[in-house]
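Residues: numbered from 1 along the sequence shown.
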Amino acid sequence: MPPLQYSMNTLLYIHGYGSTGQAVKARLLQQMFPNDRVVAPTFDYDHVPPFDIFGQMRETVAAERPSLILGSSTGGYYALCCTQFYDGPVWCVNPVREIVDTLNRIIPEQMRENSLAKAMLAGYERFDREVFRQLRPADGQIHFALSTDDELLGDHRPLLTLFPNHGQVVWKDRCGHRFFRFAELKEALKECVNA
């Protein structure tokens, strides 16, 4: 009898604002799925316009053909946007829903006054209007891991209203915006990867 063939899956991780592709969640994904490949590029949210970042993500998806996309915070926002061209499962961990308001809160006020920051925020206003607000993901395509105690984004229920055709929602207490209980998502993620 020939040996069983194992087909390696590729998981694409999209990091949040102020983070990198070497973030804790990317490393945890590699530990959670040791027989699969985790692709976790670093995106320069501060200096690269959002439409260009989105183009980089489209190219990454086309080249890597992931079995699943997972994004956290701003990366969760972009992961949702990837449903414009990706039809596989998408997991969003505490995704940003109001990108411009959130950036205005996390970027120091004195930095928001420089021309680069103003251009970036204007680019996000346009991107949010033309891409995010126009999303129509397939029924059950998107899944959420949400904190009940997200100190940065607050109540996530309006997000679920924005995407009423979502699939699974995992609520966790005592994990904050950084979702410190990320490893507990392993079985839910595995179900999507192996579906």
Query - Pair listing, side-chain hydrogen bond (donor to acceptor under 3.5 Å, both in side chains) test, anchored in residues 181-190, at least two apart - result: Lys172-Glu184, Arg181-Glu184
Report summary line: For Leu103 and Met120 the tightest heavy-atom approach is CD1-CE, 4.4 Å
Report summary line: d(Leu153 CG, Glu151 CD) to nearest 0.5 Å is 8.5 Å
Query raised in the report: Taking side chain as C-beta onward, heavy atoms only, is Pro95 less than 4.5 Å from Leu146?
Result: yes
Query raised in the report: Taking side chain as C-beta onward, heavy atoms only, is Met32 less than 4.5 Å from Val38?
Result: no
Report task. Compare every heavy atom of Ala79 with every heavy atom of Cys92, then report the nearest pair and how far apart it is. Result -> SG-CB, 4.2 Å
Query raised in the report: Looking at residues at least two apart in the chain, or sitting in another chain, which of them share a ring pair (Phe, Tyr, Trp, His ring centres under 6.0 Å) with Phe54?
Result: Phe85, Phe127
Report task. Measure the spacing between CG of Leu185 and NE2 of His143 and express it to the nearest 0.5 Å. Result -> 12.0 Å
Query raised in the report: Given the rule that I, L, V, M, F, W and Y join up when any side-chain heavy atoms are under 4.5 Å apart, are Phe179 and Phe33 in one cluster?
Result: yes
Report task. Verify, without hydrogens or angle tests, whether Asn35 (side chain) and Met8 (backbone) share a donor-acceptor contact under 3.5 angstrom. Result -> no
Query raised in the report: Should the heavy atoms of other residues, nucleotides or ligands under 6.0 Å from CZ of Arg178 be counted, would the total exceed 12?
Result: no
Query - Centroid-centroid distance, Tyr77 to Tyr45, less than 6.0 Å - result: no
Query raised in the report: Pick one: which of Ile142, Val170, Ile69 meets side-chain contact (heavy atoms from CB on, under 4.5 Å) with Trp91?
Result: Val170
**Report entry** Spacing of Arg136 atom CZ and Gln84 atom CD [to the nearest 0.5 Å]
**Finding:** 11.5 Å
Query raised in the report: Judged by atom type as modelled, is there a donor-acceptor pair below 3.5 Å linking the side chain of Asp128 to the main-chain atoms of Tyr124?
Result: no
Report task. Please name the residue in the list Ile99, Asp46, Val96 that meets the side-chain contact (heavy atoms from CB on, under 4.5 Å) test with Tyr17. Result -> Asp46
Requested in this report: Kindly assign one of parallel, tilted or perpendicular to the pair Phe163 and Phe144, based on the angle between their ring planes and the thresholds 30° and 60°.
Outcome: tilted
Report task. Flag the pair Asn194 / Ser67 as yes when at least one side-chain heavy-atom distance between them is below 4.5 Å, and no otherwise. Result -> no
Query raised in the report: Do any N or O atoms from the side chain of Gln141 and from the backbone of Gly88 form a donor-acceptor pair under 3.5 angstrom?
Result: yes
Query raised in the report: Do Val93 and Leu162 share a hydrophobic cluster (ILVMFWY, side-chain heavy atoms under 4.5 Å, transitive)?
Result: no
Requested in this report: Answer yes or no: is there a side-chain heavy-atom contact under 4.5 Å between Leu11 and Pro66?
Outcome: no
Query raised in the report: Under 3.5 Å, side chain of Tyr86 to main-chain N/O of Leu68, donor-acceptor pair present?
Result: yes
Query raised in the report: Does any pair with a residue in residues 156-165 pass side-chain hydrogen bond (donor to acceptor under 3.5 Å, both in side chains), and if so which ones, sequence neighbours excluded?
Result: Asn94-His156, Asp139-Asn165, Asp150-His156, Asp155-Arg157
Query raised in the report: So, does Arg126 use its side chain to make a donor-acceptor pair with the main chain of Phe51 at under 3.5 Å?
Result: no
Report task. Taking the side chain as every heavy atom from C-beta outward, state whether Leu160 and His166 have any pair of such atoms under 4.5 Å apart. Result -> yes
Query raised in the report: What is the minimum heavy-atom distance between Ser73 and His177, and which atoms define it?
Result: OG-NE2, 2.8 Å
Query raised in the report: How many angstroms lie between CD1 in Ile53 and SG in Cys81, if you round to the nearest 0.5 Å?
Result: 11.0 Å
Query - Distance in Å, Leu12 CG paired with Leu29 CG, rounded so as to fall on 0.5 Å steps - result: 10.0 Å
Requested in this report: Look at the side chain of His15 and the backbone N and O of Phe43, then say whether any donor-acceptor pair between them is shorter than 3.5 Å.
Outcome: yes
Query raised in the report: Between Asp36 (side chain) and Asn9 (backbone), is there a donor-acceptor pair under 3.5 Å?
Result: yes
Query raised in the report: Between Glu125 and Arg133, is there a salt bridge with N-O shorter than 4.0 Å?
Result: no
Report summary line: To the nearest 0.5 Å, atom CD1 of Ile14 lies from atom CE of Met57 at 4.5 Å
Requested in this report: Side-chain contact test, heavy atoms from C-beta onward, threshold under 4.5 Å: evaluate it for Gln22 versus Thr42 and give yes or no.
Outcome: yes
**Report entry** Side chain to side chain, Glu64 and Arg37, heavy atoms closer than 4.5 Å
**Finding:** yes
Query - Donor-acceptor pair, side chain of Ser147 and main chain of Gly176, under 3.5 angstrom - result: yes
Query raised in the report: Going only through I, L, V, M, F, W and Y residues with side-chain contacts under 4.5 Å, is there a path from Val90 to Tyr78?
Result: yes
